Amino acid sequence: MTLPLTFSPEVAKARAEGAAIVALESTIITHGMPWPQNVETARRVEAEVRKAGAVPATIAIMGGQIHIGLTDAELDALGQARDVAKLSRADLAACLAQGATGATTVAATMICAHLAGISVFATGGIGGVHRGAESSFDISADLLELAQTPVTVVAAGAKAILDLPKTLEVLETHGVPVIAFGQDAFPAFWSRDSGLPSPLRMDSAPMIAAAHRLRVQLGLPGGQLVANPIPPEAEIPREVITPVIETALAEAKGVSAKAVTPFLLQRIYELTEGRSLEANIALVLNNARLAAAIARAMA
Ligand code: PSU
Ligand code: MN
């Protein structure tokens, strides 16, 4: 049985030529940003990857197929669609069987990228261990995916809506390398410094590519998390974002399961009057550039 993979013309050509390819997720489009900034940002991120010498492959599920690379019309449709499923490892196959439309989270994007032979993926932030996880058990499937699927994920660290020390502990337990790019501290999405040291640090894209290759050679399953700090000019300092996060968390009390992360992102956007979104866009573009450099070093 052949895999239900559909490549966009641009990605098909890149594969035939052995060009560098960077995977991009779609939950950030459907559940992470409001329309129309979501589609505008997705286009800018794709353009940034191309400018940095690689080919972007935005991944989503439509009509029973895993789309690796979206055409302009497909991206538009996805960005405006309602009731799009948020897909992780648990629901990917069910969505395909039902022929439904689904956006891929970090976990599902890693699975699809690996099926398509793509080793590098850029996003904004990953899911992690939620605060209060000791009673809610809310730990993102993204962390376990990093432990088993060999894709290097470039993110701006994890949001301080999460319990960052517990997130780093779970990654360590599952053998996931966490590599801060160009600094010693683990970044916290809108802020460059979470106040926690990063387990590992690297200062060049070729070294990150070499570490990825070595893991494969050593037979170690799983990928790597590259934590790339937000550019200084776009940063929201910790003392500004912390009270906003506390307010959003307090309001999220009745929210559970898949709805938690989208709820918090939307409330923080409203409470910061859009500043969180501007920072989010700047850091995704920055991650796209680094991911493209890593993909080129791997190609
Ligand atoms: N964190 C962000 N922005 C996002 C997400 C997480 O800062 O857009 C999205 C990603 O798609 C991630 C998913 O994989 O949310 C994690 O959801 P959950 O916490 O339900 O596992
Ligand atoms: Mn969750």
Side-chain angles (χ1 to χ4, degrees), residues 23-35 37-38 41-42 45 58-61 78-79 84-92 102-113 121-147 149 151 153-164 166-167 170-171 176 187-191 194 223 225 227-230 234 236 241 244-245 248-249 252 255-269 272 276-288:
L24 301 166
E25 64 154 307
S26 45
T27 296
I28 191 172
I29 301 171
T30 55
H31 295 71
M33 291 185 187
W35 190 80
Q37 288 99 330
N38 59 351
T41 303
V45 173
T58 303
I59 294 178
I61 310 305
L78 187 73
V84 177
K86 173 182 160 186
L87 304 178
S88 193
R89 167 172 281 263
D91 20 47
L92 181 61
T104 52
T105 59
V106 168
T109 305
M110 289 178 74
I111 294 169
C112 298
F121 159 27
T123 186
I126 60 156
V129 181
H130 281 266
R131 299 199 201 173
E134 58 276 25
S135 56
S136 69
F137 280 47
D138 191 349
I139 301 174
S140 177
D142 291 351
L143 302 184
L144 300 185
E145 203 60 51
L146 280 161
T149 301
V151 172
V153 178
V154 182
K159 289 206 167 103
I161 56 176
L162 301 168
D163 187 322
L164 297 182
K166 286 196 185 78
T167 299
V170 168
L171 288 166
V176 178
F189 200 81
W190 297 293
S191 317
S194 64
L225 175 61
N228 188 26
I230 185 170
I236 305 179
I241 200 72
V244 173
I245 290 170
L249 283 168
V255 183
S256 65
K258 278 176 188 283
V260 174
T261 300
F263 175 89
L264 292 170
L265 298 185
Q266 174 62 23
R267 276 308 282 147
I268 292 168
Y269 167 69
T272 60
S276 69
L277 181 60
E278 274 170 48
N280 199 340
I281 293 168
L283 66 84
V284 181
L285 292 170
N286 192 43
N287 295 343

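Bear in mind the structure is a predicted one, so any value in this text is a computation, not a measurement. Note that ligands are numbered from 1 as they come in the structure, with each ligand's atoms numbered from 1 the same way.
Shortest contact from atom 15 (O) of ligand 1 to any protein heavy atom: Thr261 CG2, 3.7 Å. Atom 4 (C) of ligand 1 has Leu265 CD1, 3.8 Å as its closest protein atom, hydrogens excluded (heavy atom only).
In terms of modelled atom types and a separation under 3.5 Å, the side chain of Asp163 and the main chain of Arg131 share no donor-acceptor contact. In this structure, Lys258 contributes its side chain and Lys86 its backbone to a donor-acceptor pair below 3.5 Å. The closest donor-acceptor contact from the side chain of Ser191 to the backbone of Ile236 lies under 3.5 Å. A donor-acceptor pair under 3.5 Å links the side-chain atoms of Asn287 to the main chain of Thr123, judged by distance alone. Although no hydrogens or angles enter the test, the distance criterion places no donor-acceptor pair under 3.5 Å between the side chain of Asn228 and the main chain of Ala156. A side-chain donor-acceptor contact under 3.5 Å links Thr167 to the backbone of Val129. Without hydrogens or angle criteria, Asn38 side chain to Gly32 main chain gives no donor-acceptor distance under 3.5 Å.
In terms of heavy atoms, Leu162 sits closest to Gly127 at CD1-C, 4.1 Å. Here the shortest heavy-atom pairing between Ala23 and Thr109 reads CB-CG2, 4.5 Å.
One finds the CE atom of Met33 at 5.0 Å from the CD1 atom of Ile281 (value rounded to the nearest 0.5 Å).
Against a heavy-atom cut-off of under 4.0 Å, Phe189 is close to the following atoms of ligand 1: 7 (O). Below 4.0 Å from some heavy atom of Thr27 lie the following atoms of ligand 1, by number and element: 11 (O).
When Ile29, Asp142, Thr123 are checked for heavy-atom proximity to atom 13 (C) of ligand 1, Asp142 turns out nearest. Selection from Lys86, Lys159, His130 by nearest heavy atom to atom 20 (O) of ligand 1 gives Lys86. Relative to atom 5 (C) of ligand 1, the option among Gly125, Ala108, Gly32 with the closest non-hydrogen atom is Gly125.
Put simply, no part of His31 is less than 4.0 Å from ligand 1, judged by heavy atoms. Distances from ligand 1 to the non-hydrogen atoms of Met33 include no value under 4.0 Å.
Partner of Ser26 under the side chain to side chain donor-acceptor pair (under 3.5 Å) criterion, chosen from Thr58, Thr105, Thr104: Thr104.
For ligand 1, the polar-atom distance check against Val106 finds a nitrogen or oxygen pair separated by under 3.5 Å. Considering backbone and side-chain atoms together, Glu25 places an N or O closer than 3.5 Å to an N or O of ligand 1. Between Ser140 and ligand 1, at least one pair of N/O atoms sits closer than 3.5 Å.
Residue Thr105 touches ligand 1 through backbone and side chain together, judged by heavy-atom distances below 4.0 Å.
Annotation: side-chain hydrogen bond (donor to acceptor under 3.5 Å, both in side chains) contacts of Thr149 (sequence neighbours excluded): Glu145.
Protein contacts to the Mn ion (ligand 2) involving N, O or S atoms at a distance below 2.8 Å are Asp138 OD1.
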